[in-house]
Amino acid sequence: MKRTKIKELLTSTKTGSEILVKGWVRTKRGNRNIAFIALNDGSTINNIQVVVDAVKFDENLLKDITTGSCIAVKGKLVESQGQGQHVEVDASEIELYGKSDAESYPLQKKGHSMEFLRENAHLRFRTNTFGAVFRIRHAMAYAIHKYFNDKGFYYLHTPIITGSDCEGAGEMFHVTTLDLKNIPRNDDGNIDFKTDFYGKETHLTVSGQLEGELGALALGEIYTFGPTFRAENSNTPRHLSEFWMIEPEMAFYNLDDNMDLAEEFVKYLIKYALENCREDLEFLNNMIEKGLLERLNFVLNNEFIRMTYTEAVSILTGSSRKWEYPVGWGRDLQAEHERYLVEEHFKRPVILTDYPKEIKAFYMKQNDDGKTVRAMDVLFPGIGEIIGGSQREENYDKLLSRIREMKMPEKDLWWYLDTRKFGTAPHSGFGLGFERLILFVTGMSNIRDVIPFPRTPKNAEF
RNA sequence: UCCUCAGUAGCUCAGUUGGUCAGAGCGGCGGACUGUUAAUCCGUAGGUCGUAAGUUCGAGCCUUACCUGGGGAGCCA
């Protein structure tokens, strides 16, 4: 007999039919005569209730069916006599695939703290919350590909191992096969990378953007979606040292087109979640964040505020609020400032544009005022910057002078500069932190709980 | 990296001015109950009090260092 997934069984109208269901036991209740097993197979957040008439089964078998064990059940799908579920399985045959020692199995029927579950990341998939989170994470990954594919974007794989340190987006992890106990050195005492695997110093990528631009300036519209690494010693609920980033890059897009895309993209993803992850979102709405659904709908149905950095600064300086960090033109906005704008002043997502060039990256398009660049940050409530992007500088001379001003390694950027030398074009792009999106969509509060196996300073377990 | 709070049973926590302070609930185990829904009821076993020094007649409690975790900040996505 073929297995039927629980998601299908729960919506089935074929009561009376013989079925085979397989899954992990969430709870078992009952007495000497009858037992009720809540079974889950990951296909849905809901369990199916298996009803066991104890006299039909070996006592030792029933004893081994404990929380966490894995079983296959043959039986009849019937209307439930009890309340709380429409259908249940009247078991006729049970095969025990895997026992789960009740004394040492870490997960209980009752709720656990997120911290405890994090230490049991290998088993936390078996909880309602993490089942919901990772089903939604999958749905969002799929929706991202679907969105871009439907719009004619190409999925471009940029390298994980990179020989350039051009982004300046933070500390990088080294990649090497050198013998760490016997590191070869030059006469001047520096490490001799000539004998290393690639014959040069290499790192894990902090961004695929620069390579993405190369693709966009030929394929038109591309996006990357892959792991990214930052060796920053950041210990916050919003940072990981290994995280996934989506970076679209589009030829012939100016900053307005870029903002339009970013807003449409995020709303598409939220809409997709609401339409395809309803049960998981409702669970999270009840158990994790009251008001989650309301918040998602609100963002979906309201336009993002768009304004320049300069306008934002004047709002902040005009408010009566006392700031821990001073506000002033030329200073980067702090978390408290962004939070004020998003959560108190406008009470909706905000896109800030045209930041001072001194606080932004070298590749951003310079405005005619000579002071600002065509940057954009999309700020979300509770999360802060969820998207950062810009129109890129397509003018060779301006780009080169900026590289020199900022003392970037000009030699290493020859291939990037070549695109401005040969058939340059106006183009734009942005980066979206995938886990920050998942935080927003699930209502979870710690980024370590929206990636299966979080990598953070001092933690690389599993 | 900085600030701050915390670390006591498998889990979540209580533990007063240093002197019955080794405790509760849940979970586990044993038992009761013919349909349960985080089942209920009765009984029972679990702990070098994060680690290491120190103060003291005496430390879960005070001091110092370190480790781990939470929250906030910085860096950023």
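The sequence lines fix the lettering, A, B, ..., with proteins before strands; numbering per chain opens at 1. Bear in mind that the values here come from a model prediction, so they are computed numbers and not experimental data.
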*Considering Watson-Crick and G-U wobble pairs with both distances under 3.5 Å, what does B:U37 pair with?*
none

*Quantified in whole Å, what is the C1' atom distance between nucleotide B:G27 and nucleotide B:G43?*
16 Å

*Taking atom CD of A:Gln391 and atom CE of A:Met259, what is their separation to the nearest 0.5 Å?*
10.0 Å

*Watson-Crick or G-U wobble mate for B:C26, both contacts under 3.5 Å*: B:G10

*Roughly how many Å is it from CG in A:Leu333 to P in B:G74, rounded to a whole number?*
11 Å

_Would you say the base of B:A77 stacks on A:Phe434 (centre-to-centre below 5.5 Å, plane angle below 30°)?_
no

_Distance check needed: B:G72 P versus A:Gln334 CD, whole Å only._
16 Å

*Gap between atoms CZ and C1', on A:Phe116 and B:G70 respectively (whole Å)*: 16 Å

*What's the spacing between A:Ile222 CD1 and A:Thr224 OG1 if we round to 0.5 Å?*
6.0 Å

*asked:* Return whichever of A:Glu115 or A:Met245 has its heavy-atom-nearest nucleotide of RNA chain B closer to the 5' end.
replied: A:Glu115

*asked:* Partner lookup for B:U1, please. Criteria are Watson-Crick or G-U wobble with both distances under 3.5 angstrom; report none if nothing qualifies.
replied: B:A73

*For atom CD of A:Glu461 and atom P of B:U68, their distance in whole Å*: 13 Å

*Nearest-Å distance once atom P is located in both B:A22 and B:C33*: 39 Å

*Look at atom OH of A:Tyr142 and say whether more than 12 heavy atoms of other residues, nucleotides or ligands are closer to it than 6.0 Å.*
no

*Does any nucleotide pair with B:C62 by Watson-Crick or G-U wobble geometry, both distances under 3.5 Å, and what is it?*
B:G54

*Euclidean distance, atom CH2 of residue A:Trp323 to atom P of B:A73 [Å, nearest integer]*: 13 Å

*Once the angle between the rings of A:Tyr340 and A:His345 is folded into 0 to 90°, is it parallel (under 30°), tilted (30 to 60°) or perpendicular (over 60°)?*
tilted

*If you measure from the C1' atom in B:U12 to the same atom in B:C2, how many Å do you get, rounded?*
31 Å

*Compute the centroid of each ring, for A:Tyr223 and then for A:Tyr155, and state whether the two points are separated by less than 6.0 Å.*
yes

*For A:Ile383, report the nucleic acid contact type (base, sugar-phosphate, nothing); a contact means any heavy atom under 4.0 Å.*
nothing

*Is the shortest side-chain N/O distance from A:Arg339 to OP1 or OP2 of B:A73 below 4.0 Å?*
yes

*Rounded distance (Å) that lies between atom C1' of B:G46 and atom CG of A:Asp101*: 15 Å

*What pair of heavy atoms forms the shortest contact from A:Ile6 to A:Asn47, and how long is it?*
CG2-C, 4.3 Å

*Checking all strands, does A:Ala35 fall into the base, sugar-phosphate, or nothing category for heavy-atom contacts under 4.0 angstrom?*
nothing

*Checking only heavy atoms, does the side chain of A:His112 share a donor-acceptor pair with the base of B:C11 at less than 3.5 Å?*
no

*Distance-only, no hydrogens or angles: does the A:Asn33 side chain make a donor-acceptor pair with backbone N or O of A:Val55 under 3.5 Å?*
no

*Determine the interatomic distance between C1' on B:C21 and the same-named atom on B:A59; round to the nearest Å.*
11 Å

_CE (A:Met406) with more than 12 external heavy atoms under 6.0 Å_ = yes

_Separation between the C1' atoms of B:C13 and B:G60, rounded to whole Å_ = 14 Å

*Given the side-chain rings of A:Phe265 and A:Phe148, with only the six-membered ring counted for Trp, is the space between their centroids under 6.0 Å?*
yes

*Rounded distance in Å - CD (A:Glu338) to C1' (B:G74)*: 13 Å

*Go along nucleotides 26-39 of chain B 5' to 3' and tag each nucleotide: B for a protein heavy atom under 4.0 Å from its base, S when only backbone or sugar atoms are that close, - otherwise.*
SSSSS-SBSBBBBB

*side-chain hydrogen bond (donor to acceptor under 3.5 Å, both in side chains) involving A:Glu344 - partner list, sequence neighbours excluded*: A:Arg321

_With a cut-off of less than 4.0 Å, is there a side-chain N or O of A:Arg238 near OP1 or OP2 of B:C75?_
no

*Pick one for B:G50: is it syn, with its angle within 90° of 0, or anti?*
anti

_Taking only the C1' atom of each, what is the distance from B:U55 to B:C62 in whole angstrom?_
8 Å

*Would A:Arg295 count as a cation-pi partner of A:Phe440, with NZ or CZ less than 6.0 Å from the six-membered ring centre and within 45° of the ring normal?*
yes

Can you give me the N/O atom pairs linking the protein to nucleotides 1-3 of chain B at distances under 3.5 Å, or say none if there are none?
from, atom 1, to, atom 2, distance (Å)
B:U1, OP1, A:Asn233, ND2, 2.6
B:U1, O5', A:Asn233, ND2, 3.4
B:U1, O4, A:Asn233, O, 3.4
B:U1, O4, A:Asn235, N, 3.4
B:U1, O4, A:Asn235, ND2, 3.1

*5' precedence on RNA chain B between A:Arg448 and A:His239 (nearest-nucleotide basis)*: A:Arg448

*asked:* What's the gap between B:U8 and B:C61 when it is taken at their P atoms, as a whole Å value?
replied: 13 Å

*asked:* Looking only at the side chain of A:Asn446 (C-beta and beyond, no hydrogens), which of the listed nucleotides B:G71, B:A77, B:G74 gets closest?
replied: B:G71

*Check every strand shown and say whether A:Arg26 touches a base, only sugar-phosphate, or nothing at a heavy-atom separation below 4.0 Å.*
nothing

*Hey, does A:Ile387 reach any base, or is it just sugar-phosphate, or nothing, if we go heavy atoms under 4.0 Å?*
sugar-phosphate

*asked:* Are A:Phe430 and A:Tyr253, when compared by the centres of their aromatic rings, separated by less than 6.0 Å?
replied: no

*Separation of atom CD in A:Glu435 from atom P in B:C76, rounded to whole Å*: 19 Å

*In whole angstrom, give me the gap between the C1' atoms of B:U34 and B:G15.*
44 Å

